[in-house]
Amino acid sequence: MRYKITAILAAALILLGTAVSAIPAYGADKSVLQTVVSQTMQMDISGYTEETAALLQSALNSSAQVIGDENAGSLRISNHVTLLNAVSNAMVKKADASVLSSGDYTIQGSLRQAFSDNASMGNEAIIKPMELIAEDGEITLKLHFSFLTVPGLGQGYLSELSYLPDWDGLFSDMTDAQFSAFTDGNVEEYYEDVYDRFNDPDTGTDAAIKGKLYPKSITMPVAYQDAEVWMKVYVPIMESISAGGGEQYARLQLDWSTLTWTAPEKSALDTAVKQLAWLKQAVAAADYTQEMVDLLEQAVTTGTDALNRTDIGQSGVDAMTQALNAVANLFADADKQYLNDMIQLAGKYTTSDYADDYVADMKKRIQAAQEVYNNAFATQTQVNEQYALLLQAISNAKLKEMEAAPAPVQTPVSAETSTETKTPEETKTSADNEERNLDKDNLEDGVYAITGEMYKIDKRTASMANDAVNHTIKLTVTKGNYKITLDFMGLSINGSYGYLSKVKYYKTGYTIDSYGSPQGNLKAVTADSWQQDSNGVRISDTYGTDYPNQVTFPLISEAIKDGYVPLQVYVPIMEAISAGTGTQSVFLFLDWNTLKSTTNKDDDFADNQNTNPSNTSVPQSSLTLNTPLSSGSVSLAGGNTSIKSAEISKPKDTDTGLSEFAGLSTETIPTVEASAQTADTETQTQTADTGTISSGGAAEEPSPATIPTVMSVLMTGAGILFKVKSRGGL
């Protein structure tokens with residue numbers, strides 16, 4: 001029996017900031033791994049450093065052990081395929097005095113005329129110093145260009161550059177073969193949308209470059225210590241002076257004494273090395289194969305050597321980082337059982353006991369977690385991330401406020417079936433409708449008033465937009481076509497004042513997704529007027545301007561039938577509070593029982609704009625921001641994986657049923673040796689008082705009131721459960 005510390009590893013990787021999921025994981029059987037092993041063994045490693053050669057050998061040894069293990073799973077096999085490819089790409093060649101060490105460099109130089117030592121006209125366009133990139137003995141020169149200035153003519157750009165390989169003679173000695181051998185440099189970047197009188201697509205005067213972009217950087221190969229390279233350039237501004245004068249031959253002279261190595265960015269590599277060093281301590285108590293232990297130790301040695309080398313360029317550093325991350329990924333092959341347990345537990349938090357917006361969010365998280373669970377090639381990092389997201393939501397469970405007013409029903413209640421006591425005005429309206437025989441499906445041309453409310457996608461909870469709309473809504477019927485006119489006003493949110501901005505409606509034929517959100521074609525409403533101040537000036541604030549006051553749009557057939565009008569609104573003030581929350585889908589519910597005939601001049605449609613913010617109190621239904629799980633501190637010093645301090649917080653005035661564990665200190669948190677989902681509820685309740693959590697029997701299912709609290713304490717703000725799971729095999 002081997003004991004794996006899968007989740008401890010995953011927590012460490014995330015806390016150290018390493019994206020292990022960046023290592024690709026794909027399905028593979030042993031035949032694929034055997035092929036890669038065979039190919040890798042054919043490599044001649046004599047020219048590479050001892051450290052990288054030893055790392056490759058350790059990777060081969062571990063791969064061979066996997067091939068011989070009849071219990072090795074697909075993910076473990078594919079991770080070793082990735083490992084061998086990554087380590088092969090990270091091999092570092094031994095230093096050779098005759099070859100420029102791999103790396104990034106700068107070098108000084110100048111472009112001189114073909115027949116004198118004077119600077120060529122194109123010299124001014126080359127930015128100094130120039131770049132050199134050396135990789136496995138191959139050297140690439142990268143030239144960056146700016147504009148050049150010609151006295152009396154202004155500014156211009158170099159448009160073409162080519163070089164002559166392997167020629168050290170004089171210009172006068174060149175043969176036709178040499179002139180034909182000039183090779184275009186490789187343009188890596190252009191000046192986008194930079195046009196002048198020469199290359200303008202419509203008015204350009206130089207036919208050779210009309211409509212073409214000017215190069216911003218060009219690369220070309222050069223030989224080590226080659227002091228001079230013949231070049232051919234084309235400068236349109238010089239061509240404008242004299243036909244044929246734009247094309248010039250020149251000599252690019254490189255001063256190798258100025259060659260300067262550019263240190264690569266090694267922070268990611270440093271993180272990868274620290275991660276592996278921590279793993280060495282974390283896996284000490286686990287029974288891994290000797291091949292994997294040796295591989296881990298060699299990876300730390302090789303990574304440390306790479307950090308200290310000055311002959312590795314950025315590409316080499318990046319390749320080494322990938323190789324070390326591939327090693328770490330071997331210790332995190334996906335264990336999904338505890339994610340499945342968490343999915344089942346999370347389902348208990350989608351009942352009617354919990355707030356509607358909380359349930360909607362929980363269902364989305366469950367769906368995302370289920371997709372990862374169903375993915376045969378999901379990485380451990382992906383599994384742990386979904387586990388953490390569910391755990392965070394459970395830890396911040398939001399019960400429905402029972403003392404709140406009853407939520408509105410989802411469908412209109414007819415006058416015949418309603419048992420509610422109607423006000424005199426409601427009774428009169430209903431009687432008027434019956435008298436006039438108002439048939440909502442076949443209304444005569446005219447203007448009508450109807451009561452409306454804005455709800456969230458659950459069709460029960462009032463939307464924040466509900467406070468921004470006049471609830472007596474104008475319905476205009478013309479030749480059988482129904483149109484709705486909404487009258488907006490300002491609204492207060494958390495003490496700030498703002499307005500609705502963009503409003504769109506869903507066209508007929510829309511659908512509802514699994515969460516109740518409308519899906520379909522959106523179209524902007526027509527703005528009849530804009531919010532204005534007392535001087536008639538459109539209102540502007542820190543969030544924007546041009547806020548609609550009254551808007552009109554067609555009433556879709558679905559809304560005539562069931563009363564629900566699907567809309568999308570944008571509230572800039574909400575977007576400022578939290579990015580991504582400004583855009584909301586809502587349903588405008590039209591109560592057809594309140595329909596009555598009216599006129600455009602009725603007080604029902606009085607304009608509500610220019611509400612004085614100073615006299616506007618925050619409504620009782622103001623939005624309450626749901627804060628995430630409070631962060632705790634986690635210490636990994638010395639390889640100790642215990643949590644040093646952690647606190648769990650719950651929303652104020654919200655009874656989550658978890659208060660008995662709130663603020664649990666470090667002394668009350670032991671090491672959890674089995675999945676917390678299988679813990680006995682009664683045992684946990686008893687041991688909580690004594691500061692001990694026991695892993696009880698697996699037969700009894702945990703209650704959603706106690707288990708999440710304990711897990712949340714273990715979780716802390718990093719969002720990861722530290723877990724020791726016992727299972728056979730590696």
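Not measured: the values here are computed from a predicted model. The chain is numbered in sequence order, starting from 1.
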For [X], give me all partners under side-chain contact (heavy atoms from CB on, under 4.5 Å), at least two apart in sequence or on another chain.
X	answer
M43	T40, I45, L56, S88, M91
V99	D96
Y570	S501, K502, P572, E575, T583
T258	I107, Q108, D255

So, do [X] and [Y] sit near enough that their side-chain heavy atoms are less than 4.5 Å apart?
X	Y	answer
Q39	T35	yes
L100	L259	yes
L33	S63	yes
V37	L60	yes
I126	F145	yes
M174	W230	yes
L132	V222	yes
R76	V66	yes

For residues 310-320, run the donor-acceptor check on the side chains, cut-off 3.5 Å, and write out each pair with its distance to 0.1 Å, sequence neighbours left out.
residue: D311; atom: OD1; partner: R309; partner atom: NE; Å: 2.8
residue: D311; atom: OD2; partner: R309; partner atom: NH2; Å: 3.0
residue: Q314; atom: OE1; partner: E265; partner atom: N; Å: 2.6
residue: Q314; atom: NE2; partner: E265; partner atom: O; Å: 3.1
residue: Q314; atom: NE2; partner: D318; partner atom: OD1; Å: 3.1
residue: S315; atom: OG; partner: E135; partner atom: OE1; Å: 2.7

Quick check: does any side chain N or O of [X] sit under 3.5 Å from a backbone N or O of [Y], one acting as donor and the other as acceptor?
X	Y	value
N329	N325	no
K216	E192	no
K266	P264	no
D200	Y195	no
T183	A181	yes

Please identify each residue that fulfils side-chain hydrogen bond (donor to acceptor under 3.5 Å, both in side chains) with [X], with sequence neighbours left out.
X	value
R197	none
T545	S540
S180	none

For residues [X] and [Y], report the shortest heavy-atom separation together with the two atoms involved.
X	Y	answer
Y214	N199	CE1-ND2, 3.4 Å
L111	G122	CD2-C, 3.9 Å
T321	A272	CG2-CB, 4.3 Å
M292	S62	CG-OG, 3.6 Å
L522	Q568	CD1-NE2, 3.4 Å
W261	G103	NE1-CA, 4.2 Å

To the closest 0.5 Å, what do you measure between [atom1] ([X]) and [atom2] ([Y])?
X	Y	atom1	atom2	answer
W530	D546	CH2	CG	5.5 Å
T52	K94	OG1	NZ	9.5 Å
Q34	I67	CD	CD1	5.0 Å

Using residues 244-252 as the side-chain source, report each donor-acceptor pair under 3.5 Å to any protein atom, sequence neighbours left out, with the distance given to one decimal.
residue: Q248; atom: NE2; partner: G245; partner atom: O; Å: 3.1
residue: R251; atom: NE; partner: Q113; partner atom: O; Å: 3.0
residue: R251; atom: NH1; partner: E228; partner atom: OE1; Å: 3.2
residue: R251; atom: NH2; partner: Q113; partner atom: O; Å: 3.1
residue: R251; atom: NH2; partner: S116; partner atom: O; Å: 2.6
residue: R251; atom: NH2; partner: D117; partner atom: OD1; Å: 3.4

Any chance [atom1] of [X] has more than 12 other-residue heavy atoms, nucleotides or ligands included, within less than 6.0 Å?
X	atom1	answer
N521	CG	no
E138	CD	no
K507	NZ	no
F179	CZ	yes
N308	CG	yes
E50	CD	no

Problem - Trace of the side chain to side chain contact (heavy atoms under 4.5 Å, CB included) decision for E51 with L55 - result: CA-CA 6 Å; E51 290 78 10; L55 179 61; over 6 Å; no
Exercise for the section: Would you please test L83 and L295 for side chain to side chain contact (heavy atoms under 4.5 Å, CB included) and show each step? Expected result: CA-CA 11 Å; L83 170 71; L295 173 62; 3.7 Å; yes
Practice task
Please step through side chain to side chain contact (heavy atoms under 4.5 Å, CB included) for the pair V569 and Q584, ending with a clear verdict.
Solution key: CA-CA 5 Å; V569 298; Q584 299 281 343; 4.2 Å; yes
Practice task
Using side-chain hydrogen bond (donor to acceptor under 3.5 Å, both in side chains) as the criterion, point out the one residue from T301, T302, D294 that pairs with Q298.
Solution key: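 Per the side-chain hydrogen bond (donor to acceptor under 3.5 Å, both in side chains) rule, the option paired with Q298 is T302, out of T301, T302, D294.
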Practice task
Any chance you could lay out the side chain to side chain contact (heavy atoms under 4.5 Å, CB included) test for V273 and L324, step after step, and finish with the verdict?
Solution key: CA-CA 7 Å; V273 173; L324 299 190; 3.7 Å; yes
Identify each donor-acceptor pair in which a side-chain atom of residues 146-169 lies under 3.5 Å from a protein atom, sequence neighbours left out, and give them as a table.
residue: S159; atom: OG; partner: Y234; partner atom: O; Å: 3.3
residue: W167; atom: NE1; partner: G169; partner atom: O; Å: 3.3

Exercise for the section: Please collect all salt bridge (charged side-chain N to carboxylate O under 4.0 Å, His left out) contacts where either partner lies in residues 141-153, sequence neighbours excluded, each pair once. Expected result: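 For residues 141-153: K142-E188.
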Exercise for the section: May I ask you to check whether Y224 and W256 place their ring centres under 6.0 Å from each other? Expected result: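 Yes.
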Handout entry: Under the salt bridge (Lys or Arg N to Asp or Glu O under 4.0 Å) test, residues paired with D270 that sit two or more places apart
Key =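 For D270, the residues satisfying salt bridge (Lys or Arg N to Asp or Glu O under 4.0 Å) (neighbours in sequence not counted) are K274.
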